[in-house]
Amino acid sequence: MLLLTKTTSTTMWVSPQHHCPGQTSITSQNGFVSFPKSSTTSRAVSFNMGNPHTTLPPSGSFKKPINQPITDCNTQIRKFCEVGNLKMAMDLVCNAQKSELELATYCSVLQLCADLKSLDEGRKVHSFIDSRGIEMQNALAPKLAFMYLSCGDLREGRRVFDRMANEKVFLWNMLLSEYAKIGNFEESIMLYERMVEFGVEANSYTFSCILKCLAAKKSVAKGERVHGYLLKLGFGAYNTVVNSLIAFYFKCGRTESARKLFNELCDRDVITWNSMISGYTANGRAEKGVEVFIDMLSTGIRVDLATIVSVLAGCANVGVISLGRSLHAYAIKAGFNKEITFNNTLIGMYTNCGDIDGASRIFYNLGERSVVSCTSMIAGYARDGLSDKAIALFHEMKMEGIKLDIFSVTSILHACACSGSLEDGKEVHNYIRENNMDLDVSVSNALMDMYAKCGSMEDALSIFSQMPIKDIVSWNTMIGGYSKNSMPNEALHLFGAMQQELKPDIVTLTCVLPSCASLAALDRGREVHAHLLRNGLAFDNYVVNALIDMYVKCGALVLARSLFDKTPVKDLVSWVVMVAGYGMHGFGREAIAAFKKMRKAGIVPDEVSFISILHACSHSGLLHEGWRFFDIMRNDCNIKPKLEHYACMVDLLARSGKLLKAYRFVETMPIEPDASVWGALLCGCRIHHDVKLAEKVAEHIFKLEPDNMRYYVLIATIYAEAEKWEEVKKLKERIGRRGLRKNPCCSWIEIKGKHHIFVAGDNSYPQAKTIDSLIKEWSTKMKAEGYFPKLRYALTKGENMQKETPRCGHTERRAMAFGIMSFPPGKILRITTNLRVCSDCHEMAKYVSKKIGNEIVLRDSNRFHHFKNGSCSCRGYW
DNA sequence: ATTCATCTCA
């Protein structure tokens with residue numbers, strides 16, 4: 001039934017062949033017989049698979065004795081073979097005497113085994129041949145190899161093949177395509193090279209197959225050599241070969257080469273046109289594909305299903321729904337709308353163009369629903385953020401008994417990942433285990449991604465470590481997962497391990513950069529940058545923006561700026577990264593200038609851009625400018641402020657000492673304030689020592705986020721600075737009751753790519769003696785010169801809180817002293833600390849930058865401090 | 001015995 005519809009459809013839409021003179025001359029030149037297109041039908045009923053030379057016995061290999069009876073067993077066996085009765089033929093073979101059977105008879109039986117794909121019977125024939133000591137000669141060995149290859153026993157087929165004289169191109173082709181079928185393209189390519197070396201002349205089938213393999217491996221150079229060779233053999237105008245070449249060049253991204261071939265080919269068939277359309281689409285040039293389609297219509301070639309599907313996929317890629325709709329109408333007229341393949345693509349087109357309702361209308365009106373239809377719909381829902389509907393459809397499929405394949409499970413996992421629904425994700429994981437799909441690399445990758453996006457890196461790692469074969473996506477998913485889950489050490493560690501196994505690509509490097517940024521690992525970041533430059537990957541905007549961000553966050557603002565200046569096409573993200581960078585480093589005026597320049601360049605700011613400019617204003621205490629941007633956002637740009645924007649404004653007001661105004665601002669917000677908004681106010685209360693307001697604010701916060709340690713620390717500090725030790729004690733008890741733990745403070749400095757970490761409470765670091773004495777020397781001198789360190793700290797271990805080392809353990813100054821000891825004078829010290837910098841260390845950094853003369857760039861949890869010649873870029877705003 | 005066509009993961 002299926003076969004019937006297929007044949008009718010091809011014959012219906014294929015145009016009459018118009019032969020150009022070139023083709024006829026080429027075919028005769030090479031001795032090729034051209035078959036009519038309708039040979040598909042005859043192939044379906046005939047069992048004669050081999051070429052005439054192998055099915056007919058070689059002349060002279062057997063001679064019928066004249067006096068033999070008509071019912072000779074050779075004749076009988078061959079008669080059974082002709083009608084396809086393998087059982088009877090085998091019975092006769094089993095019972096025959098050794099000398100009785102001719103070579104050609106074995107060949108016939110083997111041919112039938114191949115046609116019927118009966119490996120067992122074929123093996124039996126092989127063992128007869130061996131046990132009867134029949135010489136493997138002439139047609140027998142090739143036929144045996146053919147039988148094994150046809151029945152899917154590639155290994156045995158190869159063994160027979162290797163032991164015979166193989167000058168037959170047919171068998172070489174078959175072997176090549178079998179290796180290609182199982183994805184072993186390397187072996188196929190190697191065999192092709194050996195074949196050419198042997199002097200076996202390739203034909204059109206060879207070229208089709210080898211070009212496919214080379215396309216899969218993206219071996220452009222080898223492909224070009226094959227191209228040259230096939231021209232030499234006279235295939236330059238041979239339709240199927242050129243079609244294969246076109247597909248090859250497209251798959252390697254060489255659209256111009258493909259176009260040139262197309263232009264020069266006179267015998268273009270429907271496949272040629274389809275290849276052009278899909279080739280352009282696959283290379284992100286869908287508009288070109290549509291152009292080709294329009295040309296195709298004007299030539300009068302009948303379009304087929306593949307044409308429509310390719311053009312629709314192109315519409316989906318560029319999001320041209322108008323063309324998609326007219327194609328939809330056209331396809332209905334042409335009768336394609338009964339084809340499930342067409343409908344599946346249509347669903348994809350509508351979802352990609354953002355018309356999810358149009359897609360689901362088609363989906364729910366489908367007479368027959370395949371896995372692919374469901375997958376397209378699930379993918380569409382996931383893209384549109386409708387994860388619930390995607391997951392519901394998954395359950396529907398299970399109910400209907402539709403078996404999910406690797407595509408559908410990866411789609412559904414993607415939906416779970418997008419919505420962060422770990423429970424649903426685990427259910428899908430169970431389904432995958434039950435159906436033994438967890439061996440597939442793509443499925444495992446999707447599982448890891450789901451777990452990573454749901455925040456469970458342990459589950460992701462357990463899958464990763466159990467994968468027998470990992471591809472580059474597996475590594476990238478893990479590294480990116482660690483990066484996004486704030487596990488930068490793990491990300492960098494895995495990045496190192498990956499480099500032992502395979503070469504990182506552009507995705508790996510962009511996944512690693514945020515981790516370098518978060519650890520302020522400037523040397524590692526520069527290595528990544530160098531890697532990108534060496535491989536010519538540093539031109540993609542996404543990558544360049546990640547690089548600028550990395551330099552900003554590693555404290556190398558100058559490097560960030562010079563990279564930014566060199567970027568020819570600056571997009572919104574490039575500008576925003578730079579604005580945020582200036583802001584973080586305390587250069588509010590520069591941030592404002594950059595923001596203005598961005599708008600002048602015609603780039604429209606979005607929500608996120610306003611967060612960064614408002615932050616920049618608050619880090620530099622630019623209250624009026626901040627208000628102005630808040631108004632611009634609401635009035636000029638029509639962006640409704642979100643919680644982050646309100647938090648920035650509260651921060652700005654509170655830092656400037658306008659605490660009551662800030663409080664009223666929070667109370668009158670049109671949206672419900674969250675802990676971060678109140679937290680900004682609490683921060684202001686600390687700076688301006690307003691204990692009463694702080695208590696009021698804290699009550700709001702503890703209602704919203706009772707378990708966030710950050711706020712307990714902040715309010716405790718406020719009490720401590722007001723010397724309300726009773727309140728500090730109560731707060732400590734409250735923390736104890738909730739079982740909260742403090743994040744240990746640590747600071748680090750990178751020296752020659754190695755991190756030297758100082759953790760609070762750990763006094764056994766290397767060179768402790770020298771470091772401590774250097775710090776002591778500084779404190780003594782500071783006291784003598786009139787610096788007054790504060791001695792009020794909160795949340796320490798003992799009872800006598802005034803006299804203790806603070807929570808930060810002064811790790812910042814240890815890193816600083818170590819840097820001074822290790823670096824030559826004049827070198828910039830880059831230090832990172834995981835909490836807010838303590839005011840004592842802040843003072844000491846000022847002192848060191850003046851007395852020793854080194855510039856110090858200190859990153860705390862909130863911003864950067866540039867110490868130069870005794871002053872800090874934060875100007876007290878922190 | 002070739003060549004084109006729908007759904008997946010960073």
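First the proteins, then the strands, lettered A, B, ... as listed; each starts at 1.
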Under 4.0 angstrom between A:K212 side-chain N/O and B:dT2 OP1 or OP2: no

Sugar-phosphate, base or nothing in reach of A:K181, heavy atoms under 4.0 Å: nothing

Sugar-phosphate, base or nothing in reach of A:S208, heavy atoms under 4.0 Å: base

Residue A:N239, side-chain atoms from C-beta onward, closest of B:dT3, B:dA10, B:dC9: B:dT3

B:dT8 phosphate, OP1 or OP2, under 4.0 Å from A:R383 side-chain N/O: yes

Residue A:T375, side-chain atoms from C-beta onward, closest of B:dA1, B:dT6, B:dC7: B:dC7

Closest to the A:V473 side chain, choosing from B:dC4, B:dA10, B:dT8: B:dA10

Nucleotide nearest A:A306 (side chain, heavy atoms from C-beta), chosen from B:dT6, B:dC4, B:dA1: B:dC4

A:F248 ring center near A:H227 ring center (under 6.0 Å): no

Gap between atoms CZ and P, on A:F248 and B:dT2 respectively (whole Å): 21 Å

Listed nucleotide nearest any side-chain atom of A:D269, set B:dA1, B:dT3, B:dC9: B:dT3

Nearest listed nucleotide, side chain of A:S442, among B:dT6, B:dC7, B:dT8: B:dT8

Side-chain N or O of A:H414 closer than 4.0 Å to phosphate OP1/OP2 of B:dC9: yes

Between B:dA10 (C1') and A:I479 (CD1): distance, integer Å: 10 Å

Pairing residues for A:Y192 by the ring-ring contact (aromatic ring centres under 6.0 Å, His included) criterion, not counting sequence neighbours: none

Under the ring-ring contact (aromatic ring centres under 6.0 Å, His included) test, residues paired with A:H414 that sit two or more places apart: none

Donor-acceptor pair, side chain of A:S421 and main chain of A:A417, under 3.5 angstrom: no

Flag, side chain of A:S411 to backbone of A:A379, donor-acceptor distance under 3.5 Å: no

Interatomic distance, A:N274 CG vs B:dT6 P [rounded to whole Å]: 11 Å

Distance below 4.0 Å between A:K453 side-chain N/O and B:dA10 OP1 or OP2: yes

Nucleotide B:dT8, atom C1' - distance to CE of A:M450 in whole Å: 14 Å

Candidates B:dA1, B:dT6, B:dC4 - which lies nearest the side chain of A:V309: B:dT6

B:dA5 OP1/OP2 closer than 4.0 Å to side-chain N/O of A:S278: yes

Base of B:dT2 paired with side chain of A:S204 (donor-acceptor, under 3.5 Å): yes

Between P of B:dA10 and CG of A:L509, the distance in whole Å: 17 Å

Selected nucleotide, minimal atom distance to A:A247 side chain, candidates B:dC7, B:dT3, B:dT2: B:dT3

Sugar-phosphate only, base, or nothing, as touched by A:T345 at under 4.0 Å among non-hydrogen atoms: sugar-phosphate

Sugar-phosphate, base or nothing in reach of A:S411, heavy atoms under 4.0 Å: sugar-phosphate

Value in whole Å for how far the P atom of B:dA5 lies from CD1 of A:I246: 13 Å

Sugar-phosphate only, base, or nothing, as touched by A:D449 at under 4.0 Å among non-hydrogen atoms: sugar-phosphate

Touch class at under 4.0 angstrom, heavy-atom based, for A:T477 against every strand present: sugar-phosphate

Integer-rounded Å distance: B:dT8 C1' and A:M437 CE: 12 Å

Backbone of A:I246 reached by a side-chain donor or acceptor of A:S275 within 3.5 Å: no

A:N476 CG - B:dT8 C1' separation (whole Å): 16 Å

A:F161 CZ to A:L144 CG distance, which is reported to the nearest 0.5 Å: 13.0 Å

